Amino acid sequence: MGMIAILKSWSARARHTGTRQEGSLKAVRMLGAEGLVDARRRAGQALERAWRCTCCRSLLAHVFERVGSTLFLDDDPEVLVQAFEDSERDRFSARVLAACIVMVGRERVAVAL
């Protein structure tokens, strides 16, 4: 299943997490939101715009290849964008990755020993 199909399925059924400090997540802040519900709405809009851009579309097509199959809500979009070639990114790439993070990211949990 491609990144776009995954994002569309997640945006169709927005999920809620128990993150208390949602506003402190860099991806949420980068989208100009205060919490995950608003961030997911804004992320959907950002991804719709991104799909129309050739550079952003290439970035979306290669997200899992470049950054791995799991995104976490506390991932830093500006760090993740460095995994892409210069030709695959532009000034909006970190924001597109922020949108991906809030749409499909999950909470990072420590494994109990």
Side-chain angles (χ1 to χ4, degrees):
M1 182 183 283
M3 182 63 174
I4 297 303
I6 291 171
L7 292 169
K8 285 185 178 183
S9 72
W10 277 83
S11 66
R13 53 183 167 92
R15 60 191 173 99
H16 302 283
T17 65
T19 305
R20 292 186 182 171
Q21 302 296 327
E22 293 174 349
S24 68
L25 299 170
K26 190 163 188 175
V28 170
R29 288 192 325 265
M30 191 170 279
L31 293 168
E34 293 182 21
L36 282 174
V37 173
D38 184 36
R40 287 189 176 120
R41 182 183 58 76
R42 292 174 187 231
Q45 295 167 347
L47 291 170
E48 287 293 325
R49 287 189 301 272
W51 189 244
R52 291 180 286 218
C53 168
T54 306
C55 184
C56 294
R57 187 177 23 227
S58 174
L59 181 133
L60 286 170
H62 299 106
V63 168
F64 291 139
E65 294 170 17
R66 303 289 195 269
V67 299
S69 61
T70 304
L71 293 173
F72 295 98
L73 290 171
D74 63 350
D75 281 340
D76 185 338
E78 292 176 327
V79 172
L80 294 181
V81 79
Q82 299 305 312
F84 293 85
E85 298 293 327
D86 289 341
S87 62
E88 289 183 303
R89 54 187 159 146
D90 62 15
R91 62 187 177 127
F92 302 107
S93 297
R95 183 175 167 84
V96 171
L97 286 175
C100 293
I101 289 168
V102 301
M103 294 300 278
V104 300
R106 61 180 170 159
E107 281 190 65
R108 191 181 306 267
V109 294
V111 177
L113 298 176

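Keep in mind that what you see is a predicted model, and the values were worked out from it rather than measured. For this chain, numbers begin at 1 and follow the sequence in order.
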Per-pair distances, 0.1 Å, donor-acceptor, side chain in residues 63-73, under 3.5 Å, sequence neighbours excluded:
from, atom 1, to, atom 2, distance (Å)
Arg66, NE, Glu88, OE1, 3.2
Arg66, NH2, Glu88, OE1, 3.0
Arg66, NH2, Glu88, OE2, 3.1

* To do: Return the set of residues passing salt bridge (charged side-chain N to carboxylate O under 4.0 Å, His left out) with Arg29 (not counting sequence neighbours), or none when no residue passes.
  => none
* Residues forming a salt bridge (charged side-chain N to carboxylate O under 4.0 Å, His left out) with Arg108, sequence neighbours excluded -> Asp74, Asp75
* How would you list, by chain and number, every residue that makes a side-chain contact (heavy atoms from CB on, under 4.5 Å) with Ala39, sequence neighbours excluded? -> Val28, Leu31, Ala33, Val102
* Asked: Who pairs with Glu78 by side-chain contact (heavy atoms from CB on, under 4.5 Å), at least two apart in sequence or on another chain?
  -> Lys26, Met30, Asp76, Ala94
* Structure fact -> Scanning both residues in full, the closest heavy-atom pair of Asp38 with Gly32 reads OD2-O, 4.4 Å
* For the student: nearest non-hydrogen atoms of Cys55 and Ser87, plus distance -> SG-O, 4.1 Å
* Not counting sequence neighbours, list each pair that qualifies as a salt bridge (Lys or Arg N to Asp or Glu O under 4.0 Å) and has a residue in residues 89-103. => Asp86-Arg89
* To do: Examine Val79 and Leu60 and state if one hydrophobic cluster contains both, with Ile, Leu, Val, Met, Phe, Trp and Tyr joined whenever side-chain heavy atoms are less than 4.5 Å apart.
  => no
* To do: Report, as yes or no, whether the 6.0 Å neighbourhood of atom CD on Gln45 holds more than 12 heavy atoms from other residues, nucleotides or ligands.
  => yes
* To do: Determine, step by step, whether Leu80 and Ile101 satisfy the side-chain contact (heavy atoms from CB on, under 4.5 Å) criterion, reporting the C-alpha distance in whole Å, the side-chain angles of both residues, the deciding distance to 0.1 Å, and the verdict.
  => CA-CA 10 Å; Leu80 294 181; Ile101 289 168; 3.9 Å; yes
* Could you check if a side-chain atom of Leu47 sits within less than 4.5 angstrom of a side-chain atom of Cys100, using non-hydrogen atoms only? => yes
